[in-house]
Amino acid sequence: MAERMLKFVGTPQAMPDKRPAAERRRDFEEIFANFARERAAEQAARCSQCGVPFCQIHCPLHNNIPDWLKLTAEGRLEEAYELAAATNNFPEICGRICPQDRLCEGNCVIEKGFEAVTIGSVEKYITDTAWQQGWVRPIEPRRERRESIGIVGAGPAGLAAAEQLRRKGYQVTIYDRYDRVGGLLIYGIPNFKLEKDVVQRRERLLRESKVKVVLDCEVGRDVSLAELRGRHEAVLLATGVYKARDIAAPGVGLPGIAPALDYLTASNRHGLGERVPDFDSGALDARGKNVVVLGGGDTAMDCVRTAVRQGARSVKCLYRRDRANMPGSQREVKHAEEEGVEFVWLTAPQGFLGKRSVSHVRSVRIHLGMPDSSGRQAPQEIANSHLNVEADLVLKALGFDPEDLPAMMEAPELAVTGWGTLKIDWKSMMTSLDGVFAAGDIVRGASLVVWAVRDGRDAAERIHGWLTAKAAPKAAEPVAIAAE
Ligand SMILES: Cc1cc2nc3c(=O)[nH]c(=O)nc-3n(C[C@H](O)[C@H](O)[C@H](O)COP(=O)(O)OP(=O)(O)OC[C@H]3O[C@@H](n4cnc5c(N)ncnc54)[C@H](O)[C@@H]3O)c2cc1C
Ligand code: SF4
């Protein structure tokens with residue numbers, strides 16, 4: 001082992017420089033700078049090179065983290081990049097937006113006592129360097145295959161699958177109902193977490209790799225699933241989950257109350273230089289408003305931080321559980337607090353007040369009771385604890401469910417689970433329709449980018465296996481020997 005490693009005792013954990021909150025509040029740029037070369041090497045050298053690397057086990061892609069940290073510490077960056085890219089199609093994206101505190105870094109052995117190696121930041125550094133140096137090149141398959149694959153959805157699951165299939169030489173076409181490639185990477189996740197050009201350079205690379213992209217094309221409206229099945233040897237559904245959960249409470253229809261994704265999409269489109277009527281009219285612009293966001297997940301965190309940047313008068317996040325029990329990343333909560341967001345924990349909305357538009361969220365305080373069968377403490381309302389929270393814009397970030405895909409795609413035989421996600425055979429990743437596979441959020445329910453990438457890669461492998469088996473000559477039928 002190189003002497004350079006195991007420096008965690010003498011070298012404290014250091015993240016790349018974070019811009020001051022007062023500056024961040026004024027723009028939509030990413031909040032962390034990149035590591036300088038020496039800093040990245042120094043931080044990578046903190047790795048203890050464990051025999052059983054828990055970081056790798058808990059990374060959904062099982063990235064070979066200790067090895068690329070070692071190569072980074074030794075200054076062998078191109079090799080580090082090759083290794084990182086071997087298991088992850090978008091290391092610079094995961095390095096930016098994975099909730100590392102719950103995945104790789106949360107399971108780093110030196111976390112207890114010395115604080116984790118900053119794995120995500122090193123992964124981002126390695127890959128951003130690879131882009132700068134021209135080491136990230138379009139795919140040139142060793143041989144072209146005749147079979148074509150249709151992929152529905154240009155989010156991370158569809159894109160990862162497209163890349164993997166193209167590497168094997170398949171002819172790949174991606175269909176998406178949006179007008180841009182990226183799915184939630186482009187229209188959900190704000191710029192301050194993931195700058196758009198990071199996604200767009202991936203799109204360019206795919207196109208240069210001769211992956212065809214058909215945008216503004218909704219399967220079920222502009223083309224049917226049956227047509228796609230006729231056009232391609234296999235189809236992959238990677239359509240994500242988009243039905244926003246709602247709240248059944250008096251006043252919920254008042255103007256000034258909007259679904260979180262509508263708000264974030266408007267902000268992202270505006271940032272991309274588009275004219276967005278709902279933003280220009282002020283309906284989905286937080287400027288000068290008292291904003292209340294309902295929910296405690298990643299989407300809620302993105303809404304509160306976007307509202308701050310749009311110049312809201314005040315921004316509050318209402319969540320019915322406490323900080324320890326929220327689904328969003330603790331790091332994001334910390335960033336949001338630094339930027340001036342107020343968290344109103346243990347508080348649930350009961351209704352919305354207002355004459356022409358919303359003016360207050362009528363809320364009640366919550367007490368967390370005994371854990372239920374799932375182990376989570378059940379929220380219970382505290383009697384006579386009502387409060388009215390002032391609001392001109394309320395954003396509902398209450399989660400997402402799948403759309404009714406069998407109906408949308410006129411494919412009643414497409415089997416779904418009780419949650420409406422697509423039912424697949426996990427071994428083959430095939431749906432109930434022959435030759436139709438599925439991956440990403442539409443299978444798992446709302447999840448993470450890193451899981452979408454993992455599923456996309458797995459689906460590509462299964463599609464390849466299925467097509468190869470189909471093409472193989474059938475074993476000769478056993479010959480019946482006639483009795484004498
Ligand atoms: C606001 C927000 C913030 C998030 N932040 C994070 C984060 O910080 N870190 C993280 O890891 N995860 C985050 N996530 C979750 C992450 O974005 C998703 O888990 C991931 O994008 C799922 O990938 P996917 O490819 O399955 O689906 P998507 O990214 O949703 O892509 C699906 C694509 O399918 C297209 N599509 C749908 N139906 C059709 C159709 N019928 N025809 C044609 N095209 C269709 C859609 O237009 C879309 O482009 C966030 C999610 C949201 C909403
Ligand atoms: S992909 Fe995500 S979980 Fe895996 S090493 Fe990178 S940041 Fe960690």
Side-chain angles (χ1 to χ4, degrees), residues 55-56 58-65 68-69 84 87-108 116-124 127 151-161 174-190 193-194 214-223 225 228 236-242 244 260-261 263-265 268 297-303 306 328-329 331-332 397 399-400 402-403 405 408-409 438-456:
C55 55
Q56 181 169 6
H58 288 272
C59 163
L61 291 159
H62 302 314
N63 281 343
N64 198 341
I65 301 164
W68 49 249
L69 287 173
T87 50
N88 189 352
N89 299 77
F90 314 123
E92 75 284 25
I93 295 179
C94 292
R96 283 172 164 84
I97 60 169
C98 269
Q100 286 102 6
D101 47 347
R102 299 207 303 262
L103 301 171
C104 52
E105 294 180 21
N107 290 281
C108 173
V117 178
T118 51
I119 298 169
S121 305
V122 176
E123 191 177 18
K124 166 179 178 266
T127 321
I151 296 180
V152 188
L159 296 179
I174 307 180
Y175 302 85
D176 202 292
R177 64 185 175 189
Y178 276 147
D179 53 351
R180 286 191 172 87
V181 165
L184 290 174
L185 300 180
I186 202 95
Y187 285 138
I189 299 173
K193 275 166 58 181
L194 175 65
V214 184
L215 296 174
D216 289 315
C217 176
E218 179 166 332
V219 177
R221 186 192 64 193
D222 304 306
V223 60
L225 180 57
L228 289 193
L236 174 67
L237 300 177
T239 50
V241 288
Y242 283 88
L261 195 57
Y263 170 72
L264 292 173
T265 306
N268 279 315
D298 281 332
T299 308
M301 295 309 102
D302 290 350
C303 287
T306 297
S329 158
R331 283 187 188 171
E332 294 297 308
F400 299 94
E403 294 158 286
L405 246 59
M408 279 174 61
M409 296 193 173
D441 278 6
I442 191 57
V443 175
R444 289 183 182 272
S447 179
L448 293 174
V449 168
V450 64
W451 277 113
V453 174
R454 163 75 191 270
D455 289 350

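Order of appearance sets the numbers: ligands from 1, and atoms from 1 within every ligand. This chain uses plain numbering: 1 for the first residue, then up along the sequence. As the structure is a computational prediction, the values presented were derived from the model and not from experiment. All values below come from the heavy atoms of this structure, side chains included, with hydrogens, waters and symmetry mates left out.
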Item checked: Close side-chain approach of Cys217 to Asp176, heavy-atom, < 4.5 Å -> no
Next item on the list: Take Cys98 and Val449 through the side-chain contact (heavy atoms from CB on, under 4.5 Å) test and state the conclusion after the steps.
Entry: CA-CA 7 Å; Cys98 269; Val449 168; over 6 Å; no
Checklist line | Atoms of ligand 1, numbered as shown, that sit under 4.0 Å from any heavy atom of Thr299 | finding: 1 (C), 2 (C), 52 (C), 53 (C)
Notebook entry, point to check: Between Asp455 and Arg444, is there a salt bridge with N-O shorter than 4.0 Å?
Noted result: yes
Notebook entry, point to check: Can you check whether Cys98 has an N/O within less than 3.5 Å of an N/O in ligand 1?
Noted result: no
Notebook entry, point to check: Tell me, which protein N/O/S atoms are under 2.8 Å away from atom 6 (Fe) of ligand 2?
Noted result: Glu123 OE1
Notebook entry, point to check: So Phe400 and Tyr242, ring-ring contact (aromatic ring centres under 6.0 Å, His included) or not? Walk me through it.
Noted result: CA-CA 6 Å; Phe400 299 94; Tyr242 283 88; 7.1 Å; no
Check: Got an N/O contact under 3.5 Å between Ile97 and ligand 1?
Finding: yes
Check: For ligand 1, is there an N or O atom under 3.5 Å from any N or O atom of Arg177?
Finding: yes
Next item on the list: Could you tell me whether Glu403 and Arg177 have a side-chain N and a carboxylate O separated by less than 4.0 Å?
Entry: yes
Next item on the list: May I ask you to identify the nearest protein heavy atom to atom 28 (P) of ligand 1, giving residue, atom name and distance to one decimal place in Å?
Entry: Tyr242 OH, 3.6 Å
Notebook entry, point to check: Does any N or O in the side chain of Asp441 come within less than 3.5 Å of the main-chain N or O of Ser447, such that one atom is a donor and the other an acceptor?
Noted result: yes
Checklist line | Contact atoms of ligand 1, heavy-atom distance to Gly440 under 4.0 Å | finding: 26 (O)
Margin query: On a heavy-atom basis, I'd like to know which of Leu184, Ile189, Leu225 is closest to atom 4 (C) of ligand 1.
Written below: Ile189
Check: Looking at Ser447, which atoms of ligand 1 are within less than 4.0 Å of one of its heavy atoms?
Finding: 15 (C), 19 (O)
Check: Is there side-chain contact between Leu225 and Met408, with at least one heavy-atom pair below 4.5 Å?
Finding: no
Check: Can you tell me which residue and heavy atom of the protein come closest to atom 47 (O) of ligand 1, and the distance to 0.1 Å?
Finding: Asp176 OD1, 2.7 Å
Check: Does a side-chain heavy-atom distance below 4.5 Å link Val450 with Leu61?
Finding: yes
Margin query: For atom 18 (C) of ligand 1, what's the nearest protein heavy-atom neighbour? Residue, atom name and distance, please.
Written below: Asp441 OD2, 3.3 Å
Next item on the list: Could you tell me which atoms of ligand 1, counted from 1 in the order shown, lie closer than 4.0 angstrom to a heavy atom of Gly153?
Entry: 33 (C), 34 (O), 35 (C)
Margin query: I need the nearest protein heavy-atom contact for atom 37 (C) of ligand 1: residue, atom name and distance, please.
Written below: Thr239 O, 3.1 Å
Next item on the list: Below 4.0 angstrom from a heavy atom of Gly240, which ligand 1 atoms are there? Numbered from 1 as shown, please.
Entry: 27 (O), 30 (O), 32 (C)
Check: Any idea which part of Cys217 is under 4.0 Å from ligand 1, heavy-atom wise: side chain, backbone, both or neither?
Finding: backbone
Next item on the list: Heavy atoms only: give me the nearest Asp222-Asp216 pair and the separation to one decimal.
Entry: OD2-O, 3.5 Å
Notebook entry, point to check: What is the nearest protein non-hydrogen atom to atom 5 (N) of ligand 1, stated with its residue, atom name and distance?
Noted result: Lys193 NZ, 3.2 Å
Notebook entry, point to check: Just heavy atoms, cut-off under 4.0 Å: does Asp302 contact ligand 1 by side chain, backbone, both, or neither?
Noted result: side chain
Next item on the list: Would you please test Val152 and Leu236 for side-chain contact (heavy atoms from CB on, under 4.5 Å) and show each step?
Entry: CA-CA 6 Å; Val152 188; Leu236 174 67; over 6 Å; no
Next item on the list: Number the atoms of ligand 1 from 1 as they appear, then name those within less than 4.0 Å of a heavy atom of Phe400, with their elements.
Entry: 53 (C)
Notebook entry, point to check: Cation over ring, Arg96 on Phe90, under 6.0 Å and within 45°?
Noted result: no
Next item on the list: Please step through side-chain contact (heavy atoms from CB on, under 4.5 Å) for the pair Thr306 and Leu264, ending with a clear verdict.
Entry: CA-CA 8 Å; Thr306 297; Leu264 292 173; 3.7 Å; yes
Check: Can you tell me if Glu92 uses its side chain to pair, donor with acceptor, with the backbone of Thr127 under 3.5 Å?
Finding: no
Item checked: ligand 1 atoms in contact with Ala238 (distance to a heavy atom under 4.0 Å) -> 32 (C), 33 (C), 34 (O)
Next item on the list: I would like to know whether Ile93 and Leu185 meet side-chain contact (heavy atoms from CB on, under 4.5 Å); could you show each step before the answer?
Entry: CA-CA 9 Å; Ile93 295 179; Leu185 300 180; 4.2 Å; yes
Check: Do you know the tightest heavy-atom contact between Leu215 and Asp179?
Finding: CD1-O, 3.3 Å
Notebook entry, point to check: Is the shortest N/O to N/O distance between Glu403 and ligand 1 below 3.5 Å?
Noted result: no
Notebook entry, point to check: What heavy-atom pair brings Pro156 and Val453 nearest, and what distance separates the two atoms?
Noted result: CB-CG2, 4.2 Å
Next item on the list: Check each of Gly155, Ser329, Pro156 against atom 23 (O) of ligand 1 and report the one with the nearest heavy atom.
Entry: Pro156
Next item on the list: Considering only non-hydrogen protein atoms, determine which one is nearest to atom 12 (N) of ligand 1 and report residue, atom name and distance to 0.1 Å.
Entry: Val449 N, 3.5 Å
Item checked: Mode of Glu332 contact toward ligand 1 - side chain, backbone, both, neither (heavy atoms, under 4.0 Å) -> neither
Checklist line | Check: Asp302 main-chain N/O paired with Glu332 side-chain donor or acceptor under 3.5 Å | finding: no
Notebook entry, point to check: Between Ile442 and Leu237, what is the shortest heavy-atom contact and its length?
Noted result: CG2-O, 3.7 Å
Notebook entry, point to check: So which bit of Trp451 gets within less than 4.0 Å of ligand 1, heavy atoms only: side chain, backbone, both or neither?
Noted result: neither
Next item on the list: Examine the proximity of ligand 1 to Leu264 and report which part, side chain or backbone, both or neither, has a heavy atom under 4.0 Å away.
Entry: side chain
Next item on the list: Heavy-atom distances under 4.0 Å are what count here, so tell me which part of Val152 touches ligand 1: side chain, backbone, both or neither.
Entry: side chain
Note to self: Heavy-atom pairs closer than 4.0 Å: do any link ligand 1 to the side chain of Ala157, the backbone, both, or neither?
What the structure shows: both
Checklist line | Of His62, Glu123, Arg454, the residue whose pairing with Asn88 passes side chain to side chain donor-acceptor pair (under 3.5 Å) | finding: Glu123
Item checked: Heavy-atom nearest neighbour in the protein, as seen from atom 40 (C) of ligand 1, with distance rounded to 0.1 Å -> Val219 N, 3.7 Å
